[in-house]
Amino acid sequence: MPDFPFHVAGGHFGQPSSPLDLFERKPAIQSDDASPTVVGSRRRKLWEVPHKFHCPIVGTCFEVDELRGLMKKVMHLPPRTSDFVLHTTAVGTCETRSPLAEILHKHLEKRFQLTIRRFAQAKNVEALETLWREATASGCEIPAALWATWTHPACDVVLEQAVYGDIHMIQHQIGTSTRADLKTLNHLRHENQHLRAQLEKARQENEALRSDKASATHALGARIVELRAELAGRDASIAKLTGQIEQLRETLPDLKDRQTLLRRASDAEARTAALSANSASLEYEMKRLRELLGHAEETISQLASCDESPTQESSAQNDGLSGKCVLCVGGRSNLVDAYRQLVEEQGGRFLHHDGGLEESLHRIDGVLAAADLVICQAGCIGHNAYWRVKEQCKRTGKRCLFVKGSGVSSFGRIVEAAVEAAVEPK
């Protein structure tokens with residue numbers, strides 16, 4: 001509602017017709033500018049309310065468009081009648097009972113009938129004032145409470161003026177809040193324009209992205225069509241080549257026989273390669289057996305030479321091993337010749353067995369029987385050979401010397417120890 005002074009009879013808005021109206025509480029009587037006194041409990045009509053209250057009633061209880069529509073029913077209005085002229089005309093018409101006053105009165109009675117019934121329960125001015133204060137405090141039904149209070153039979157001059165002052169200040173506050181709302185509205189409009197600009201920019205960007213996406217989708221669709229065409233051509237080529245292969249097979253009746261022979265030839269080559277590998281393995285095994293046979297023959301000849309040597313020569317010699325047979329069990333294969341040289345330098349005969357690494361353990365019994373002295377290199381033979389040598393020497397009573405190392409120096413020391421033990425006086 002715009003902030004403008006109400007048009008009142010007898011003075012400006014906010015000025016009571018008499019100073020005593022602010023302090024004296026009188027029953028409803030007729031003042032200088034008021035309509036006739038309301039008698040009994042009958043509610044006052046619009047034209048019976050003091051004329052200075054018509055301005056707040058019309059301005060508070062009716063919207064401008066609503067008031068314009070009601071006034072057009074009973075009077076002719078120029079096309080460009082301003083809101084102010086419309087308001088002052090309606091206020092002036094309500095001073096007496098007129099068609100417009102009756103229409104406005106019926107409209108107010110119908111609209112605010114629930115509030116009117118609630119205010120009708122007030123039996124005195126104090127209860128009526130309490131209802132008015134509650135309505136203004138809540139701020140929800142001020143137009144209805146204004147109409148129900150001023151038309152109530154118990155409303156006296158003091159309450160009328162108090163309501164008049166309250167509604168005046170409320171309209172000032174509404175004007176202030178309206179200006180604040182307009183300022184906020186202008187700010188919101190500016191912000192709305194900014195947001196609309198951003199929205200339009202985002203819409204344009206979205207449209208550009210959608211266009212790019214549509215172009216990419218179209219390109220992909222075209223590529224899919226090309227790939228499908230290529231796939232169809234490839235399938236046709238495969239079918240054509242398959243037909244050609246079938247034709248070639250029909251022109252070569254013995255093709256299957258040739259393929260069977262080819263597979264057999266391939267299998268024969270594989271078997272030949274396997275037999276060649278097996279033959280090479282057998283040749284290697286024969287070579288190793290020949291070497292073992294030669295070594296065995298050499299050992300047998302040595303044993304025969306030991307048996308043919310005269311006992312007189314062995315008893316007559318007083319230095320070295322005196323022709324005794326020394327058996328070396330174990331040791332390194334590359335040091336056997338060095339072992340042999342050390343034994344022969346001391347006048348002995350040398351025998352050797354590798355302890356079962358390559359030679360059979362069954363052969364060790366024969367060489368143990370022909371030996372006079374046994375040197376067992378325990379670190380170079382297996383457990384079976386070790387226990388077999390030890391058990392055989394213990395059973396036959398032959399001297400057996402055990403050596404941990406396999407070096408030539410260790411073997412030489414044990415041979416010298418055996419020679420010293422042999423030349424000691426008995």
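Atom set for the values below is all heavy atoms of this structure, side chains included, hydrogens, waters and symmetry mates excluded. Keep in mind it's a predicted model, so treat the numbers as computed, not measured.
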Chemist: Looking only at atom types and distance, does a side-chain atom of His352 sit under 3.5 Å from a main-chain N or O of Asp337, one as donor and one as acceptor?
Modeler: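 Side chain of His352 to backbone of Asp337: no pair is present.
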Chemist: In a check of ring pair (Phe, Tyr, Trp, His ring centres under 6.0 Å) between Trp147 and each of His54, His105, His107, which one passes?
Modeler: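 Answer after filtering His54, His105, His107: His105.
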Chemist: Would you say Ser266's side chain and Leu262's backbone share a donor-acceptor pair under 3.5 angstrom?
Modeler: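 The answer is no, because no donor-acceptor pair under 3.5 Å joins these two groups.
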Chemist: Any donor-acceptor pair under 3.5 Å linking the side chain of Thr81 with the backbone of Pro78?
Modeler: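 Side chain of Thr81 to backbone of Pro78, a donor-acceptor pair under 3.5 Å: yes, one is there.
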Chemist: Are Arg203 and Glu200 ion-paired here, with the side-chain N under 4.0 Å from a carboxylate O?
Modeler: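 Salt bridge between Arg203 and Glu200, a charged N being under 4.0 Å from a carboxylate O: yes.
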Chemist: For side-chain contact (heavy atoms from CB on, under 4.5 Å), just list the numbers for Glu230 and Leu227, CA-CA rounded to whole Å, side-chain angles, deciding distance to a tenth of an Å, and then say yes or no.
Modeler: CA-CA 5 Å; Glu230 292 179 1; Leu227 291 175; 3.8 Å; yes
Chemist: For Glu207, does its backbone N or O pair with a side-chain atom of Ser211 as donor and acceptor, under 3.5 Å?
Modeler: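 Not confirmed, Ser211 side chain does not pair with Glu207 backbone.
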Chemist: Would you compute the distance between atom CD of Gln247 and atom OG1 of Thr242 and round it to the nearest 0.5 angstrom?
Modeler: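 Spacing of CD (Gln247) from OG1 (Thr242) equals 11.0 Å.
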Chemist: Any side-chain to backbone donor/acceptor pair from Ser98 onto Thr93? Under 3.5 Å, distance only.
Modeler: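 Side chain of Ser98 to backbone of Thr93: a pair is present.
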Chemist: Which heavy atom of Thr136 sits nearest to which heavy atom of Ile142, and what is that distance?
Modeler: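 Of all heavy-atom pairs spanning Thr136 and Ile142, the closest is CA-CG1, 4.4 Å.
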Chemist: For Lys45, does its backbone N or O pair with a side-chain atom of Glu48 as donor and acceptor, under 3.5 Å?
Modeler: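 The answer is yes, because a donor-acceptor pair under 3.5 Å joins these two groups.
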Chemist: Give a yes or no answer on whether the side chain of Ser237 reaches the backbone of Gly233 with a donor-acceptor pair at less than 3.5 Å.
Modeler: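 Side chain of Ser237 to backbone of Gly233: a pair is present.
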Chemist: Apply the side-chain contact (heavy atoms from CB on, under 4.5 Å) test between Thr149 and each candidate in Leu131, Leu159, Thr115, Asp166; give the one that qualifies.
Modeler: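 Only match with Thr149 under side-chain contact (heavy atoms from CB on, under 4.5 Å): Leu159.
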Chemist: At their closest point, which heavy atom of Cys155 faces which heavy atom of Glu160, and how far apart are they?
Modeler: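 Minimum heavy-atom separation between Cys155 and Glu160: SG-CG, 3.3 Å.
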Chemist: I'd like to check Leu373 versus Leu327 (side-chain heavy atoms, cut-off strictly below 4.5 Å). Are they in contact?
Modeler: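 SC-SC contact between Leu373 and Leu327 ruled out.
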Chemist: Any non-hydrogen side-chain atom of His51 less than 4.5 Å from a side-chain atom of Val91?
Modeler: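 Answer yes - side chains close enough.
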Chemist: Quick check: closest heavy atoms across Pro99 and Val74, and the distance to 0.1 Å?
Modeler: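 Where Pro99 meets Val74 most closely, the heavy atoms are CB-CG1, 4.0 Å.
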Chemist: Counting N and O atoms only, with roles assigned by atom type, does the side chain of Asp372 sit under 3.5 Å from a partner on the main chain of Cys325, one being a donor and the other an acceptor?
Modeler: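 Yes, Asp372 side chain to Cys325 backbone: donor-acceptor pair under 3.5 Å.
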Chemist: Take Phe402 and Lys390 through the test side-chain contact (heavy atoms from CB on, under 4.5 Å) and record every step on the way to the result.
Modeler: CA-CA 9 Å; Phe402 292 94; Lys390 187 175 181 180; 4.1 Å; yes
Chemist: Quick check for you: to the nearest 0.5 Å, what is the distance between Thr217 atom OG1 and Ile224 atom CD1?
Modeler: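 It is 9.5 Å, given to the nearest 0.5 Å.
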Chemist: Compare all side-chain heavy atoms of Glu269 with those of Thr272 and state whether any distance is below 4.5 angstrom.
Modeler: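 Of all side-chain heavy-atom pairs linking Thr272 with Glu269, none is under 4.5 Å.
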Chemist: Could you pull out the closest heavy-atom pair between Gln377 and Gly331, with the gap in Å?
Modeler: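 Looks like OE1-CA, 2.9 Å.
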Chemist: Could you check whether Thr151 and Arg43, counting side-chain N and O atoms only, form a donor-acceptor pair closer than 3.5 Å?
Modeler: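 Yes - a donor-acceptor pair under 3.5 Å links their side chains.
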Chemist: If we ignore angles and hydrogens, is there a donor and acceptor under 3.5 Å between the side chains of Arg395 and Gln392?
Modeler: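 Present: a donor and an acceptor within the cut-off.
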Chemist: Judged by atom type as modelled, is there a donor-acceptor pair below 3.5 Å linking the side chain of Lys398 to the main-chain atoms of Leu368?
Modeler: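 At least one qualifying donor-acceptor pair exists.
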Chemist: So, taking the atom named CD in Glu66 and the one named SG in Cys61, what distance separates them when rounded to the nearest 0.5 Å?
Modeler: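 Atom-to-atom, Glu66:CD and Cys61:SG are 9.5 Å apart.
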Chemist: Can you tell if the side chain of Val389 reaches within under 4.5 Å of the side chain of Cys400, non-hydrogen atoms only?
Modeler: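 SC-SC contact between Val389 and Cys400 confirmed.
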Chemist: Which is it for Asp267 and Arg271 under the side-chain contact (heavy atoms from CB on, under 4.5 Å) test, yes or no, and what are the steps along the way?
Modeler: CA-CA 6 Å; Asp267 295 341; Arg271 288 195 297 270; 3.8 Å; yes
Chemist: Taking 4.0 angstrom as the limit, do Glu129 and Arg133 come out as a salt bridge?
Modeler: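 Yes, Glu129 and Arg133 are salt-bridged.
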Chemist: I need the His353 NE2 to Asp365 CG distance, nearest 0.5 Å.
Modeler: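 Answer rounded to 0.5 Å: 9.0 Å.
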Chemist: Distance check, rounded to the nearest 0.5 Å: Ile364 atom CD1 versus Ile381 atom CD1?
Modeler: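 So the CD1 of Ile364 and the CD1 of Ile381 are separated by 7.0 Å.
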Chemist: Please say which of Phe53, Trp132, Tyr164 ends up in a side-chain contact (heavy atoms from CB on, under 4.5 Å) with Leu146.
Modeler: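 The passing option is Trp132.
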Chemist: Taking His190 for its side chain and Leu185 for its backbone only, find out whether a donor-acceptor pair lies under 3.5 Å.
Modeler: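 Looks like no, no N/O pair under 3.5 Å.
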Chemist: Counting C-beta onward and ignoring hydrogens, is there a side-chain heavy-atom pair between Glu191 and Leu195 closer than 4.5 Å?
Modeler: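 Answer yes - side chains close enough.
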Chemist: A cation-pi test, strictly: NZ or CZ of Arg332 under 6.0 Å from the centre of the six-membered ring of Tyr339 and no more than 45 degrees from its axis. Yes or no?
Modeler: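 No - Arg332 does not lie over the ring of Tyr339 by the 6.0 Å and 45° rule.
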Chemist: Check whether any side-chain heavy atom of Trp150 lies under 4.5 Å from a side-chain heavy atom of Pro56, and answer yes or no.
Modeler: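 They are in contact (side-chain heavy atoms under 4.5 Å apart), so the answer is yes.
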Chemist: Please assess Arg44 against Glu109 for the test salt bridge (Lys or Arg N to Asp or Glu O under 4.0 Å), listing each intermediate value before the final yes or no.
Modeler: CA-CA 11 Å; Arg44 290 185 286 186; Glu109 289 290 310; over 6 Å; no
Chemist: Quick one: SG on Cys55 to CD1 on Ile167, what's the gap to the nearest 0.5 Å?
Modeler: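 CD1 of Ile167 is found 11.0 Å from SG of Cys55.
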Chemist: Report the C-alpha distance between Leu67 and Asp83 in whole Å, list the side-chain angles of each, state the deciding distance to 0.1 Å, and finish with yes or no for side-chain contact (heavy atoms from CB on, under 4.5 Å).
Modeler: CA-CA 10 Å; Leu67 181 62; Asp83 296 342; over 6 Å; no
Chemist: side-chain contact (heavy atoms from CB on, under 4.5 Å) with Val343: which of Leu351, Ile375, Val326?
Modeler: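 Per the side-chain contact (heavy atoms from CB on, under 4.5 Å) rule, the option paired with Val343 is Val326, out of Leu351, Ile375, Val326.
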Chemist: Would you find more than 12 non-hydrogen atoms of other residues, nucleotides or ligands less than 6.0 Å from Gln341 atom CD?
Modeler: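 No, because the 6.0 Å sphere around CD of Gln341 holds 12 heavy atoms or fewer from other groups.
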Chemist: For residues Cys94 and Ala101, report the shortest heavy-atom separation together with the two atoms involved.
Modeler: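 Smallest heavy-atom distance, with atoms named: CA-CB, 4.2 Å.
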Chemist: Identify the heavy atoms of Asn124 and Ala154 that sit nearest to each other, and give their distance.
Modeler: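 Scanning both residues, the minimum pair turns out to be C-CB, 4.0 Å.
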